[in-house]
Amino acid sequence: LPTCRRYAFSRTSGFSEMGIFRAFIWLVLSYGIATTLLFVRLHGKDGILALSSSASGRLAVLLLNDDTINRKRIRDAPSSSTSKALTCYGTSEQLIPNNSTAGGYSAVPSKSVGTFYVMNFGRRINDFIEKVLDARPGYRSIAVAKEASIVWTKMVDDDPVLRLALGRGSLSYSEVQPWQRINHVRNKQSLNDKDMFLARIHEYANRNLQSSGDRIREAWFLPESYRLHVKAEKEAFLHRVDYENGINEAWVCKDPTVDRGEGVAMLGPGSDRLKELRMKLTDEFLPVSALSWYNRTADPSAEVSDASSKQFDKRLRNRLIVQKYIPTLQWQGHKFDLRVYWLVASVSPLLVYYHDGIARVSLTSYNPTDFADERIKSHLTNVAQSLSGGNETDRLLNLATRSFDDLKFVASDTKRSSHFESHIKDDPLGYVRQRIKDALTFVVDAFRETALNPDGCPADNCYVFFGADFMLDENLNVWMTEVQYGPNLAVKAKAKEHVFKKLVPEMFAIVDEVREKQVKSAEVAAPLLPLASAKTW
């Protein structure tokens, strides 16, 4: 561009036709050269779009109960199991599959030992993660992702145009080195997207669990759910509403493409919204714009422009999810849910750990029968929604984010039904924690052949950090609302800071220990477990 300007404009004569013509020719030539170079790069032997793959070993399932290893199928594990690691998939005799070369796992080159990259397309993304890694002896930050031993980034993309536009620090899957440990696998989005998540859970549940008539068979920890763009599920929902009193029950309608409490609408029993949805579902194709309330956000006072409405409609189409509304346990008159964390410490073998998280409390008093627009925040526990409208202060943030220790008192105050067994009455929080582990184990088993498959990892091994949200009802049943890839790691609330001060350093210690043991196994075969660094995980 400076050259074009120099050709087109002269200090003595200003702009001239010949100058503009020369500038145009220069611009065309520059564009042609750039396009040619990009074409060669894309179609070269080591092109950006080349895919790397890894062979996975023979898989078995192992559950860890304290210091013993029991070889059992996950679905046969008793609900009272006290496993420290949720699941571990490896070779049948030892947890050291050889998925890279005949010599074992790749060692980190000397120049990259102790290096880490915590950025997204060359931009810093998390000061807390940087501080944790920088505090580790011998570790240092570098600005080139493909040279870092540990990579923590929001996005890995093989799209050359996007990567060229957003910066040299970006990383594509084809550039990941075998010795690197990166917090991504290719199909992770299927866990993060509510629609794709339900699709996989439905497929897995219908294949492995007994059928329940015409109803879509759910996992025991999911609210009754229907994807309205799937004909069988839409028809099942219509049958539920028309013939099983569903019209007189409460439902939640969700946009599966957004999070942070956005895209949620409450459908009260017999409400106009529920009746409108029922009426318009008879159409073969239901565009979201057909619903008078489709563009309402969590903030009913927020105005939606015509342009954003059209964009929302184009993105969402008819990908709506309807779930049965679950009245929940209350925290001093407020609704709350639990955000827990789980770490895929390794995909080859598949090793998953659980960690307690935080309780998220709505700051609006809760009435499980009031579904008016102005009361929607009482049904949402997302901290971003509780503090929306400029209400974020340290005091409110700490009120909306509580610790698991606080939950002990809430769980102990629940109605003691006669069918509660003694172990639930004696340790209600322990019971809740174990049921959450059971639910996550179900999810891991459902996705181990897809999103958590070693073939989705571009290196010898990968790690992935997830969150999951659960509600509790009066009987201490756990209900999963969603799974998040890369949950928010902003450390502001005291309860969250308390958890992360142990969780995050141990997470990276676990990743390093897994790699060290796998590299050493090339010389001397040794078991991967137990991991000394998994202290609070």
field: Heavy-atom side-chain proximity of Tyr463 to Trp152 below 4.5 angstrom
entry: yes
- prompt: If every non-hydrogen atom of Phe470 is compared with every non-hydrogen atom of Ala439, which pair is closest and at what distance?
  reply: CE2-CB, 3.8 Å
query: Taking the side chain from His184 and the backbone from Thr153, do they hold a donor-acceptor pair closer than 3.5 Å?
result: yes
task: For Gln180 and Ser149, test the side chains for any donor-to-acceptor distance below 3.5 angstrom and give the result as yes or no.
output: no
Heavy atoms of other groups near Lys520 NZ, more than 12 under 6.0 Å: no
query: Can you find a heavy atom in the side chain of Leu228 that is under 4.5 Å from one in the side chain of Ile321?
result: no
query: Given side chains that start at C-beta, do those of Leu528 and Val514 come closer than 4.5 Å, heavy atoms only?
result: yes
- prompt: Is a side-chain donor or acceptor of Ser112 paired with a backbone partner of Val108 at a separation under 3.5 angstrom?
  reply: no
message: Applying side chain to side chain donor-acceptor pair (under 3.5 Å), can you list everything that pairs with Glu513, at least two apart in sequence or on another chain?
response: Lys517, Ser533
Pi-cation contact, Trp220 with Arg435 (under 6.0 Å, within 45°): yes
task: Begin with the C-alpha distance, continue with both residues' side-chain angles, and end with the deciding distance and a verdict on side-chain contact (heavy atoms from CB on, under 4.5 Å) for Phe128 and Val504.
output: CA-CA 9 Å; Phe128 182 73; Val504 175; 3.6 Å; yes
message: Are the side chains of Glu224 and Gln323 in contact, using a 4.5 Å heavy-atom criterion?
response: no
query: Can you tell me how far the CG atom of Leu429 sits from the CG atom of Asp405, to the nearest 0.5 Å?
result: 8.5 Å
query: Would Asp255 and Lys194 pass as an ion pair if we require N to O under 4.0 Å?
result: no
- request: Answer with yes or no whether the side chains of Lys146 and Gln177 bring together a donor and an acceptor at under 3.5 Å.
  value: no
- prompt: Can you name the ring pair (Phe, Tyr, Trp, His ring centres under 6.0 Å) partners of Tyr139, sequence neighbours left out?
  reply: none
task: Check side chain to side chain donor-acceptor pair (under 3.5 Å) between Trp479 and all other residues, then give those that pass, not counting sequence neighbours.
output: Asp473
Verdict with supporting geometry, Ile436 and Phe221, side-chain contact (heavy atoms from CB on, under 4.5 Å): CA-CA 9 Å; Ile436 289 175; Phe221 53 87; over 6 Å; no
- prompt: Could you go step by step and tell me if Val478 and Asp438 meet the side-chain contact (heavy atoms from CB on, under 4.5 Å) rule?
  reply: CA-CA 10 Å; Val478 300; Asp438 293 339; over 6 Å; no
query: Once you round to the nearest 0.5 Å, how far does CH2 of Trp537 lie from CD of Glu506?
result: 8.5 Å
message: Assess, by modelled atom type and distance only, whether the side chains of Asn192 and Gln484 contain a donor and an acceptor separated by less than 3.5 Å.
response: no
- request: State which residue, out of Lys502, Lys501, His355, fulfils the side chain to side chain donor-acceptor pair (under 3.5 Å) condition with Thr536.
  value: His355
message: Which heavy atom of Leu440 sits nearest to which heavy atom of Ala468, and what is that distance?
response: CD2-CB, 4.0 Å
query: Using 4.0 Å as the upper bound for N to carboxylate O, is an ion pair formed by Asp512 and Arg136?
result: yes
task: Under the ring pair (Phe, Tyr, Trp, His ring centres under 6.0 Å) rule, collect the residues that match up with Phe404, sequence neighbours excluded.
output: none
task: Output yes when a side-chain donor or acceptor of Thr450 lies under 3.5 Å from a complementary backbone atom of Phe447, and no otherwise.
output: yes
field: Minimum heavy-atom distance Tyr204-Asp445, with the two atoms named
entry: OH-OD2, 2.6 Å
message: Can you see whether Asn461 engages Ser346 through a side-chain donor-acceptor pair at a distance of less than 3.5 angstrom?
response: yes
query: Can you name the nearest heavy-atom pair linking Ala459 to Val176, along with the distance?
result: CB-CG1, 3.8 Å
statement: On a heavy-atom basis, the closest approach of Leu350 and Val352 is CD1-CG2, 4.1 Å
- request: State, yes or no, whether a side-chain contact exists between Leu343 and Leu503 at a heavy-atom distance under 4.5 Å.
  value: no
- request: Find out whether Glu147 and Ile142 are in side-chain contact, i.e. whether some heavy atom of one side chain is under 4.5 Å from a heavy atom of the other.
  value: yes
field: Geometric cation-pi criterion, Arg186 with Tyr173: 6.0 Å, 45°
entry: yes
message: Check Lys131 with Asp134, please: is the shortest side-chain N to carboxylate O separation under 4.0 Å?
response: no
message: Do Asp460 and Gln518 make a side-chain contact, defined as non-hydrogen atoms from C-beta onward lying under 4.5 Å apart?
response: no
message: Testing the 3.5 Å rule here: is there a donor-acceptor pair between the side chains of Lys494 and His498?
response: no
field: Asn187 side-chain N/O to Gly456 backbone N/O, donor-acceptor pair under 3.5 Å
entry: no
- prompt: Which residues satisfy the side chain to side chain donor-acceptor pair (under 3.5 Å) test with Asp193, sequence neighbours excluded?
  reply: Arg319
Salt bridge present between Arg227 and Glu233 (N-O < 4.0 angstrom): yes
statement: d(Asp469 CG, Thr481 OG1) to nearest 0.5 Å is 4.5 Å
field: Heavy-atom side-chain contact between Ile150 and Arg515 under 4.5 Å
entry: yes
- prompt: If you round to the nearest 0.5 Å, how far is OH of Tyr117 from OG of Ser141?
  reply: 9.5 Å
- request: Please name all residues satisfying ring pair (Phe, Tyr, Trp, His ring centres under 6.0 Å) with Phe500, sequence neighbours left out, ordered by chain then number.
  value: Tyr341
task: Quick one: do Lys335 and Met471 satisfy side-chain contact (heavy atoms from CB on, under 4.5 Å)? Show the steps, please.
output: CA-CA 9 Å; Lys335 184 175 181 178; Met471 300 183 298; 4.0 Å; yes
field: Gap separating the CD1 atom of Ile358 from the CD atom of Glu497, nearest 0.5 angstrom
entry: 12.5 Å
- request: Please check if the distance between the ring centroids of Phe466 and Trp342 is under 6.0 Å.
  value: yes
query: Between CE of Met480 and CD1 of Ile201, what distance do you get to the nearest 0.5 Å?
result: 7.5 Å
message: Determine whether the aromatic ring centres of residues Phe116 and Phe508 are separated by less than 6.0 angstrom.
response: no
Over all atoms of both residues, closest heavy-atom pair of Ile182 and Pro458: CG2-CG, 4.4 Å
